[in-house]
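Below is one structure, written out as structure tokens; comments come after it.
Quick note on labels: first sequence line is chain A, next is B, and so on, each numbered from 1. None of the values given here were measured: they were computed from a predicted structure.
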Amino acid sequence: MLTRRIIACLDVRDGRVVKGVQFVDLIDAGDPAELAARHAIAGADEVVLLDITATHENRGTLLDTVRRTAERLFVPLTVGGGIRTADEAMAVFEAGADKVSINSAALARPDLISEIGAKFGAQAVIVAIDARRVAGSPVKQAEVFVAGGRKPAGRRVVEWAREAESRGAGEILLTSMDSDGTRSGFDCELTAAVSRAVQIPVIASGGAGNAQHFIRVFREGCADAALAAGIFHFGIADVRTLKEQLQIDGIPVRFPC
Amino acid sequence: MLATVIDYKAGNLTSVVKALRHLGAQVTVTESPFEIAGAERVILPGVGHFSATVRLEKTGMATALRDIIGRGIPFLGICVGLQWLFAGSTEAPGCGGLAAFPESCGRFSPGRKIPHVGWNSLDIRPGSRLLAGVPNGAFAYFTHSYCAPLIAATVAATDYGEPFSAAIERGNVMGVQFHPEKSGETGLQVLRNFLEWRTC
């Protein structure tokens, strides 16, 4: 039986994992390679490295981080943040990433999705969507935001997800900017709307705080995978404990041998 | 342990090569049929479209592979590499496979998310050398839209609305639909078995 995936996300700045609430008050949370390996041992089904500096000068540092992280990681590794061209994606793949996550560059130039897909396969392209919506407003009106959730992109979330799929995205990583960092639960309604609108897998992100939140996003949000960053640092909730709770609730999960 | 990985421009080989090296293999990556002729064991990876395998026929690689398989050299196809062992695939009706197995690969039937992405369990048939030491029910990482049917050579079946071949093995010809390089300890065990495979 296909299991629901738990994905550990590491926000990386200048080669170190950092953690903050909505990208402010960043605390050093450790070495990416070491944390990625620790998450994989605890049962993370995938690891995402998100480069939150994403400035041009630091690409070398990022590639080095990817290389070091990929060295001993034998679960899928996704790298996102600042990838604007197929060549930049190639450098990340060559450093050891299995998938890339693209966001604002795909909005600015949607052909990027098919360009990367043609060369590395659709399975290697994740389109990340940062979503915001006015509380209580219909999910159909949820809007895509760029620049870390500060700027509206002028697109509706569900419609952009469909377009990304038709252009060859392998998966959608849907982050609710409203829930991000709150630890009050995923936006299940929005996740379900996107998951039903596309055939490709949808990864829910933003708002993970406890096991119940994951159970709800798998059941009510129809998510194929759920991603969390903050709660897995500093040992607050490790993946194994989370999966044990999901299993008790009848959610199919994988335990490493 | 020498392992030759075939590069036919179908996606990224970094992860496969890295996993093999991690297990102590000396890895050669090649697109030359001549280099294959002297290989000790051969891996045909592959992500992407079945039509990419056309390049194998065009470059003479397919002929070289038929030859080494005929000589008993261990061969492992991964993902599209497994599918290529069959006669063909509905993904690219004009392209023939190696036809080591006469059946054809097809797309998952509608009614579920396609592609099949994520960790799914292996229903292992006893006696497989490729899967020795892998516990029944172990999980492996898949990402594909097309799959191979269950055949006599199936050594692991996986269910995604319908059962399909997750691993096949007939003598020195082996294939896995999942990505052993991305399947944690389970995948490493499969690669280890392949690297240690000896003709009896």
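With hydrogens and angles left out, the side-chain atoms of Asn193(B) and Gln189(B) include a donor and acceptor closer than 3.5 Å. Gln83(B) and Glu91(B) share no donor-acceptor pair across their side chains, judged by distance under 3.5 Å alone.
Only the backbone of Ser183(B) has a heavy atom closer than 4.5 Å to any heavy atom of chain A. Heavy atoms of Arg4(A) lying under 4.5 Å from chain B are absent altogether. In this structure, no portion of Ala40(A) lies under 4.5 Å from any heavy atom of chain B. Within the 4.5 angstrom heavy-atom criterion, no atom of Ile41(A) approaches chain B. For chain A, the nearby part of Arg112(B) is the backbone; its heavy atoms alone come within less than 4.5 Å. Using a 4.5 Å cut-off between heavy atoms, Ala97(A) contacts chain B through its backbone alone, with no side-chain atom that close.
The pair Glu115(A)-Lys119(A) fails the salt-bridge criterion, with no side-chain N (NZ, NE, NH1 or NH2) lying under 4.0 Å from an Asp/Glu carboxylate O. A salt bridge links Asp111(A) with Arg167(A): at least one charged nitrogen is closer than 4.0 Å to a carboxylate oxygen.
A perpendicular orientation is assigned to the rings of Phe108(B) and Tyr160(B), their planes being inclined by more than 60° (bins at 30° and 60°).
Among the candidates His49(B), His116(B), His179(B), the residue making the largest number of heavy-atom pairs closer than 4.5 Å to chain A is His116(B). Heavy-atom pairs under 4.5 Å with chain B peak, among Ser195(A), Ala118(A), Pro252(A), at Ser195(A). Your options are Leu13(B), Ile114(B), Thr143(B), and the one with the most heavy-atom pairs under 4.5 Å with chain A is Ile114(B).
Outside the 6.0 Å centre-distance limit, the rings of Phe178(B) and His144(B) are not counted as a close aromatic pair.
Heavy atoms from other residues, nucleotides or ligands lying under 6.0 Å from CZ of Arg109(A) number more than 12.
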